[in-house]
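To start, the structure under review is shown below, and the notes come after it.
Reminder, nothing fancy here: chain letters follow the sequence lines and each chain counts from 1.
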Amino acid sequence: MNILVCVSKVPDTTAKIAFKDNNTKFASDGVTYILNPTDEWYALVRAIELKEAAGAGKVTVINVGAGDNDQYLRKALAIGADDAVLIESADDLEPFYVAKEIANYARTNNYDVVVTGKETIDYNSFSVGGMIAEFMDCAFVSQVSKWDMNGNVATLNREVEGGEEVMEVSTPFVLSAQKGMAEQRLPNMKGIMMAKTKPLAKIAAVGGDPLVTIVKFDEPKSKSAVKLFSIDEVEALVKALNEEAKVI
Amino acid sequence: MVIVYIEAVNGQLKKSSFEVLTYGKKLADKMSSSVAAICLTPCDSNVVGEYGINKLFQVSDAIFSHFDSKAFAKAVAEIFNANGGQILVLPFNQNGKALAPRLSVRLNAGLVNGANALANTSNGFVISKNVFSGKAVANYQIHTDVKIVSLASNSIPAEKNPTSCEVVAAATSVSAADFSTKYIKSELVSGDIPLSEADLVVSAGRGLKGPENWGMIEECAKILGAATACSRAVADVHWRPHHEHVGQTGLAISPNLYIAVGISGAIQHLAGVSSSKTIVVINTDPEAPFFKAADYGIVGDAFEVMPKFNEALRKLKA
Ligand SMILES: Cc1cc2nc3c(=O)[nH]c(=O)nc-3n(C[C@H](O)[C@H](O)[C@H](O)COP(=O)(O)OP(=O)(O)OC[C@H]3O[C@@H](n4cnc5c(N)ncnc54)[C@H](O)[C@@H]3O)c2cc1C
Ligand SMILES: Nc1ncnc2c1ncn2[C@@H]1O[C@H](COP(=O)(O)O)[C@@H](O)[C@H]1O
């Protein structure tokens, strides 16, 4: 079974979020980037575990982004992916075209499963996985917290309001991963050494006319200062929640 | 025409449906357009009419009793196209998150997934949504003729605007062969209020010292009719189930009230909860970062505060 794991690069979770050019662009100067946590911790690790358990097949990591994104793909290789593909485009390409590139690659190279994270922590689009599936005209199961394989049939737990739904799906399919699917793996020395010589192919993106563009960023509405109550004023707090905030 | 995708379980519309119906009606009014709803499972058209929608495309084929993103996307696209749909509105809930991206490709339509306000139509069609896990807002312009808006929960209050609603029986070409997944079973957390749909949330963190101390949190949630949540630190050590984990790598929520007990307010936690309307923080440490994001707070020991707080809530509710 060949699994294609989609990984994106995002600002570190503690990065300062600021904008430039009249609030039209993210100010990336001085920002440290990481692999999107859901992609790295869950999607990638579970794909490697399933490949190891099957003792056959391969795990390929793919990114659509800037030509120097090698370092993020190398980290995924150090964690245990077999090879990597970088489809070179501008960073922050909209989900539609990211998905189109990945779907084309997956189809021409006959991958059985395409895995994404549920969302990236920068634009929180929740889109790429479902779009890949539609481009490939195959099944898509979103927000999967448990993934097992038996031959070419997967058993998946999908998050729904108030619990989980268990379903079966045959390859080829696309899923988006979330917490619960695997435990984070740290790359070890051997992995890091091996990653240096694993294959990493670069391809140029095709792209197209934008469907959506960001015209402006805003800061979230600023909060006024907290109103503090002492431990003997609990009733006054409850009153404020009821009469002032009107939330209870 | 603005077309709103709604969902009913056992004939009852989900809470998110009321919000998208309200949103669809307001958007249609703003654009002087007509509005209709699509429901793939049986629902009560009178309830749909209460939210100002005068047409319901009702599918009643039992084939749609279990969700499958591929088959559902095909069905919605067919009905949307057959009725001159221009703007499709969906809830940004678990099913909507799987459907909207598929429909964006299928309809070749620009999508804003997780919109938090009505469109600004003064210059093009611009819709805002939270990005960077709530640390900023981005205004997206949709350039395509057909547009898709998936509405984040709790972004606008449901609003009644009664009208009579005509039911149009809608057929699709979807057959069993279009279903690509096989439903096995549901594992529902019984009795609890689903966190993603909750108006009120009581959440706790490592400050509670151990899973055996959650009784007072559950009691508080029970009095309020609230859902329970937790920090990642707590879910990681299995004090609480992982589906309760909120934050940047957990669930992002924006309830009307978020009560955080014994949670420090690390940036990754705040990222998933800071768009809550009102935040109450209970923490022993006056320097805890969470106080900067809070509306109300008590600097104090949860073990002393919570019993008193619960007592006061009980009094109010009595
Ligand atoms: C990439 C990444 C992603 C992450 N994603 C998330 C995420 O999605 N969600 C998330 O929550 N975290 C996330 N984290 C972890 C986050 O950084 C914090 O470690 C975590 O939120 C801390 O949990 P906590 O507040 O429960 O515990 P602590 O930080 O240990 O805080 C406990 C708090 O309880 C207070 N306290 C102690 N005793 C009492 C008492 N008796 N009464 C009242 N208060 C008391 C303390 O003053 C303290 O403020 C992420 C971290 C990383 C690196
Ligand atoms: N540029 C990209 N390259 C590769 N995979 C991506 C890219 N952007 C998003 N993804 C994948 O799609 C998932 C969902 O992203 P999004 O729809 O942008 O929130 C991510 O968790 C990644 O797995």
Side-chain angles (χ1 to χ4, degrees), chain A residues 13-14 17 37-38 95-96 99 121-127 129-131 133-135 138-143 145 159-169 173 179-180 210-220 223 226-231 234-235 237-238 240-242 245 247-248, chain B residues 69-70 93-94 97-98 101-102 104-106 110-111 113-114 126 131-144 180-189 194 196-197 224 242 245 248-250 256-257 267-268 278 291 293-300 304-305 308-309 312-313 316:
Chain A
T13 54
T14 56
I17 304 304
T38 329
F96 188 93
I121 60 169
D122 49 6
Y123 294 100
N124 309 105
S125 303
F126 270 98
S127 295
M131 287 174 168
E134 191 64 28
F135 279 120
C138 69
F140 171 56
V141 181
S142 62
Q143 293 185 258
S145 58
E159 179 157 323
V160 295
E161 283 82 19
E164 292 186 343
E165 211 169 77
V166 183
M167 51 179 54
E168 278 178 6
V169 54
F173 64 87
K179 193 179 157 83
L211 281 68
V212 295
T213 45
I214 294 178
V215 288
K216 193 169 151 285
F217 290 97
D218 298 323
E219 308 271 324
K223 284 256 175 192
V226 56
K227 283 191 192 169
L228 288 179
F229 293 81
S230 79
I231 189 156
V234 174
E235 293 207 359
L237 169 60
V238 169
L241 292 176
N242 179 237
V247 287
I248 57 172
Chain B
S69 66
K70 183 164 165 269
N93 63 0
Q94 299 328 66
K97 282 174 189 167
R102 294 200 78 124
S104 169
V105 171
R106 207 171 179 98
L111 161 69
N113 218 10
V126 177
V131 290
F132 297 99
S133 310
K135 285 182 253 179
V137 172
N139 297 283
Y140 282 84
Q141 174 152 24
I142 305 186
H143 302 284
T144 49
S180 52
T181 53
K182 184 172 147 209
Y183 171 83
I184 306 292
K185 62 176 178 185
S186 296
E187 294 174 350
L188 298 183
V189 192
S196 52
E197 296 207 332
L224 286 171
H242 70 76
H245 156 198
Q248 194 154 31
T249 49
N256 285 331
L257 175 63
I267 189 160
Q268 300 93 352
T278 300
F291 283 114
D295 300 282
Y296 300 99
I298 293 182
V299 178
E304 286 174 44
V305 177
K308 287 190 182 186
F309 186 61
L313 287 175
L316 176 82

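Contact count against chain A (heavy-atom pairs under 4.5 Å) is highest for B/Gln94 among B/Gln268, B/Glu304, B/Gln141, B/Gln94. The residue among B/Thr249, B/Ile298, B/Leu224, B/Leu257 with the most heavy atom pairs within less than 4.5 Å of chain A is B/Ile298. Per-residue heavy-atom pair counts under 4.5 Å with chain B were compared for A/Thr38, A/Thr14, A/Val215, A/Ile121, and the maximum is reached by A/Ile121. Looking only at heavy-atom pairs under 4.5 Å with chain B, the residue among A/Ser145, A/Cys138, A/Pro210, A/Ala245 that has the most is A/Cys138. For the set A/Met131, A/Glu161, A/Met167, the count of heavy-atom pairs under 4.5 angstrom toward chain B peaks at A/Glu161. Comparing B/Gly300, B/Ser186, B/Gly114 by how many heavy-atom pairs each has under 4.5 Å with chain A, the most go to B/Ser186. Most heavy-atom pairs under 4.5 Å with chain A, from the set B/Ile142, B/Asn93, B/Asp295, B/Thr181: that is B/Asp295. When A/Val169, A/Val234, A/Asp218 are compared by the number of non-hydrogen pairs under 4.5 Å with chain B, A/Asp218 comes out ahead. With chain A as the partner, the residue from B/Ala293, B/Ser133, B/Ala312 showing the most heavy-atom pairs under 4.5 Å is B/Ser133. Across A/Ser230, A/Pro37, A/Ala133, the residue that shares the most heavy-atom pairs under 4.5 angstrom with chain B is A/Ala133.
If you measure heavy-atom distances from B/Leu313 to chain A, the contacts under 4.5 Å come from both the backbone and the side chain. Looking at B/Thr144, both its backbone and its side chain come within 4.5 Å of chain A, counting heavy atoms on both sides. For A/Ala240, the parts sitting under 4.5 Å from any heavy atom of chain B are the backbone and the side chain alike. For chain B, the nearby part of A/Asn242 is the side chain; its heavy atoms alone come within less than 4.5 Å. For B/Lys182, the parts lying near chain A are the backbone and the side chain together; criterion is any non-hydrogen pair under 4.5 Å. Looking at B/Val126, the atoms closer than 4.5 Å to chain A (heavy atoms on both sides) all sit in the side chain, from C-beta outward.
Remark: A/Glu168 CD is packed, more than 12 non-hydrogen atoms of other residues, nucleotides or ligands lying under 6.0 Å away.
Taking 4.5 Å as the limit, some side-chain heavy atom of B/Ile267 sits within range of a side-chain heavy atom of B/Lys135. Within the 4.5 Å cutoff, side-chain heavy atoms of A/Ile248 are placed close to those of A/Val238.
Between A/Ile231 atom CD1 and A/Leu237 atom CG the span is 11.5 Å, to the nearest 0.5 Å. Annotation: the span from B/Tyr296 atom OH to A/Leu228 atom CG amounts to 12.0 Å, rounded to 0.5 Å. To the nearest 0.5 Å, the span separating CD on A/Gln143 from OG on B/Ser196 amounts to 9.0 Å.
For B/Gln248 and A/Thr13, the side-chain atoms include no donor-acceptor pair closer than 3.5 Å.
Scored by the ring pair (Phe, Tyr, Trp, His ring centres under 6.0 Å) test, A/Phe173 finds no partners at all (sequence neighbours excluded). B/Glu197 meets the salt bridge (Lys or Arg N to Asp or Glu O under 4.0 Å) test with no other residue; sequence neighbours excluded.
The aromatic rings of A/Phe96 and A/Phe135 sit perpendicular, their planes meeting at an angle over 60°, well past the 30° parallel limit.
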